[in-house]
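Taking it in order: structure first as structure tokens, then the write-up.
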2 protein chains.
Amino acid sequence: MKKKVSIHDIAKQLNVSAATVSFVLNGKATEKRISEEMEQKILKHVKELGYRPNRVAKSLRTGKSKIIGMLVEGIADPFFSGIARIVEEHAYKLDYKIFYASTENEPKIAKDIISAFRDTQVDGYIIVPPPGIEDDIQALMDDNLPVVLFDRYFPGLASCNIVVDNFDGVYQAMRHFVKNEYKNIGFVTIPSTQTQMRDRLNGYHHAINENGLSPLVKMVSFNVKPDHERYKQEIKHFLEANPQTDAILFATNYLAISGLEAIKQLGLSVPDDIAVIGFDDNTHFSLFSPSITAVAQPVQEISDQVMQQLMACLAGNEKAPAKQTIVLQTKLIIRESSQKTSYLVR
Amino acid sequence: MKKKVSIHDIAKQLNVSAATVSFVLNGKATEKRISEEMEQKILKHVKELGYRPNRVAKSLRTGKSKIIGMLVEGIADPFFSGIARIVEEHAYKLDYKIFYASTENEPKIAKDIISAFRDTQVDGYIIVPPPGIEDDIQALMDDNLPVVLFDRYFPGLASCNIVVDNFDGVYQAMRHFVKNEYKNIGFVTIPSTQTQMRDRLNGYHHAINENGLSPLVKMVSFNVKPDHERYKQEIKHFLEANPQTDAILFATNYLAISGLEAIKQLGLSVPDDIAVIGFDDNTHFSLFSPSITAVAQPVQEISDQVMQQLMACLAGNEKAPAKQTIVLQTKLIIRESSQKTSYLVR
DNA sequence: TTATATCATTTAATCGATTAAGCAATCCAC
DNA sequence: GTGGATTGCTTAATCGATTAAATGATATAA
């Protein structure tokens with residue numbers, strides 16, 4: 001049942017050599033001085049047979065696969081899947097395919113997948129790195145493989161990184177709170193030392209100090225898997241223990257969801273009892289009642305840059321292109337959840 | 001800089017043949033009667049060198065890749081990305097990798113990607129088919145390649161399909177509306193003749209007829225890309241043109257979002273002015289005010305079945321395993337948006 | 001006329017594995 | 001001690017492409 005037409009079959013049927021067919025198929029007919037007549041004959045026959053070259057064989061020979069491996073923290077996270085979609089679109093236009101996988105921010109999984117990508121000989125890597133895989137990234141770079149990190153990076157590593165100004169994103173959100181006269185502003189985050197979380201926390205502290213406020217930080221406990229129920233409980237306890245809290249900034253989109261649920265269960269009203277801002281915008285946030293203010297990451301721009309930088313690496317493979325960290329700005333989308341009802345124009 | 005250790009290098013360094021190394025590495029030492037001593041020597045040396053076999057070469061020879069191609073409508077859709085995540089987890093346990101891609105429900109993109117998957121010699125296919133690719137699916141099956149469709153299927157095709165009972169899902173939602181004494185129940189859907197949408201529409205009509213109600217169907221206009229703004233406008237117009245509508249069922253998760261926004265902009269209150277149920281549950285629905293009732297698809301079960309069936313196909317490759325359509329049940333998650341406020345226990 | 005270019009295509013090596021078949025050396029039975 | 005089995009490994013073909021080098025034919029130049 002399985003039809004396997006190889007380049008040799010084509011060649012045999014036309015009484016030519018496989019090489020000739022290969023040249024024609026790779027658009028090298030002119031360069032290799034294949035006659036117009038021969039070229040047409042081959043092209044026609046190839047089309048008739050519906051022959052498709054075996055890319056595995058091609059890849060074995062050329063070492064190229066026209067595939068880009070993309071490793072994100074979780075494909076189910078709207079932030080990452082949103083970027084994935086745009087990157088995918090870019091890639092197809094450039095005749096590349098994207099293979100995704102999720103790490104769940106686990107070094108072990110990430111290592112395994114990077115290893116699998118290498119085995120598959122992907123041409124480039126787009127990676128949202130979990131902690132502790134510096135060496136693996138470095139190893140890729142040592143072997144001259146194009147790598148672009150995004151969302152976070154390793155300060156010691158001379159990789160190409162696309163990130164947002166997390167510090168400023170949080171800082172702007174805090175300024176907005178302050179401007180609206182909130183005094184006891186909490187910050188809910190996870191106990192991570194990765195750059196993106198570290199910067200967000202620093203942004204918070206900076207704003208707190210600048211305004212002479214006292215910090216109110218809740219780190220949800222570390223767990224292998226983000227545990228929605230657990231986060232909710234912990235945030236509830238935090239709010240009960242700190243009833244003076246009149247505003248709260250969630251450091252990730254899933255924390256915002258857990259937190260909003262906690263707030264709902266406590267019967268607190270947003271924004272009158274407590275104001276809310278989330279890091280990462282979300283299609284749904286405008287629909288909540290009240291709608292949720294958010295620090296929006298420039299998803300389109302991140303995707304564009306990721307692809308652009310990767311393509312640059314792919315092109316100038318030998319002379320290592322000036323690796324750099326590109327920092328994009330976030331945008332505060334002000335909605336109802338962050339300003340006292342009395343201020344709202346109804 | 002690039003180190004490329006091949007099986008021949010290993011062999012040469014140990015003064016043995018590549019074949020011997022290959023046998024040992026594939027666990028065929030005993031079968032091929034390689035001495036214990038030799039085996040250990042090879043294993044040790046391989047470990048020391050950190051040699052990793054080239055899977056492209058392996059794949060070329062064996063025709064296997066340990067990769068599964070997964071084609072969904074949109075990786076950014078939480079329904080699909082949720083399933084992707086679970087399937088991925090299963091796959092890793094079985095030493096398979098998943099390559100995702102999105103079709104945007106476009107036949108052309110789907111054909112291209114299926115073609116690319118074939119070129120990559122993936123071992124199996126998990127596909128959410130857009131319309132018009134019956135022939136491509138059939139072609140895969142003709143070549144004895146393991147294929148599992150999910151979410152929707154082609155009635156004429158003897159493929160393995162994992163779907164939910166869309167008819168009953170909608171029907172149960174409608175019964176719930178009726179029980180709560182809603183009389184003018186609208187149904188917002190897309191003009192698709194694919195099985196999943198067809199069955200949902202049929203479920204609606206069945207319930208309408210059974211209860212002697214009059215149908216109120218809005219098909220948003222067809223567009224290449226789901227256009228959130230446009231959907232919203234159309235739903236707004238629909239509601240304005242049919243002010244008697246006291247309940248509405250959205251046939252997809254993104255329609256629900258657009259619809260809820262439309263309702264919000266019209267200043268209607270849910271559920272008192274209009275009750276709402278969405279097809280597909282969502283992490284956020286419990287957080288809306290009011291919370292949104294939804295027809296939840298059994299995401300875990302779908303993922304489990306997809307993987308189980310695919311593995312069955314992969315195993316018993318020659319004797320075509322009894323292809324079948326597996327129908328799973330949905331579950332109505334009743335929340336606030338679908339019952340009049342007066343009924344609620346506060 | 002001989003040497004040199006140009007043309008159009010083929011030969012054959014190669015990528016890095018797998019695996020059927022082959023071949024010495026040793027062992028065992030009668 | 002001769003034939004057959006067993007052991008332990010090697011040879012070489014193969015998967016399906018790419019591509020440098022070779023080839024043979026004709027055309028042009030000196």
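Every chain is numbered from 1, with letters handed out A, B, ... down the list of sequences. None of these values were measured; they are calculated from a predicted model.
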Within the structure shown, what part of the strands sits under 4.0 Å from [X] by heavy-atom distance: base, sugar-phosphate, or nothing?
X	result
A:Val16	sugar-phosphate
B:Lys32	base
A:Ser35	sugar-phosphate
B:Asp9	nothing
A:Ser22	base

I need the [atom1]-[atom2] distance between [X] and [N], as an integer number of Å.
X	N	atom1	atom2	answer
A:Leu14	C:dA8	CG	C1'	16 Å
B:Lys12	D:dC9	NZ	C1'	18 Å
A:Glu39	C:dC7	CD	C1'	15 Å
A:Lys28	D:dT18	NZ	P	8 Å
A:His8	C:dT11	NE2	C1'	12 Å
A:Asn15	C:dT9	CG	P	13 Å
A:Lys66	D:dT18	NZ	P	14 Å
A:Asn54	C:dA17	CG	P	17 Å

Self-check item: Which residue lies more 5' along DNA chain D, comparing B:Thr20 with B:Leu60 via nearest heavy atoms
Solution: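 It is B:Thr20 whose nearest nucleotide is closer to the 5' end.
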Exercise. Mark yes or no for whether B:Ser115, through its side chain, and B:Lys111, through its backbone, hold a donor-acceptor pair below 3.5 Å.
Key: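 Not confirmed, B:Ser115 side chain does not pair with B:Lys111 backbone.
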Quiz item: Just by distance, do the side chain of B:Ser102 and the backbone of B:Ile75 share a donor-acceptor pair under 3.5 Å?
Solution: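 Yes.
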Shortest side-chain distance from [X], nucleotide among [options]:
X	options	answer
B:Ala19	C:dG16, D:dT11, D:dA17	D:dT11
B:Arg61	C:dT9, D:dT14, D:dT7	D:dT14
B:Phe23	C:dT10, C:dT9, C:dA20	C:dA20

Quiz prompt | Side-chain heavy-atom pair B:Met70, B:Phe150 within 4.5 angstrom cut-off | solution =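 Of all side-chain heavy-atom pairs linking B:Phe150 with B:Met70, at least one is under 4.5 Å.
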Exercise. Report the C-alpha distance between A:Tyr100 and A:Val72 in whole Å, list the side-chain angles of each, state the deciding distance to 0.1 Å, and finish with yes or no for side-chain contact (heavy atoms from CB on, under 4.5 Å).
Key: CA-CA 7 Å; A:Tyr100 308 109; A:Val72 297; 5.7 Å; no
Self-check item: side-chain N/O B:Ser17 vs D:dT10 OP1/OP2, d < 4.0 Å
Solution: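 Answer yes for this pair, as a side-chain N or O of B:Ser17 is under 4.0 Å from OP1 or OP2.
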Quiz item: OP1 or OP2 of D:dT18 sitting under 4.0 Å from any side-chain N/O of A:Asn26?
Solution: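 So the side chain of A:Asn26 is within the cut-off, an N or O lying under 4.0 Å from OP1 or OP2 of D:dT18.
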Self-check item: Spacing of NZ belonging to B:Lys32 relative to OG1 belonging to B:Thr20, to within rounding of 0.5 Å
Solution: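 Between B:Lys32 NZ and B:Thr20 OG1, I get 11.0 Å after rounding to 0.5 Å.
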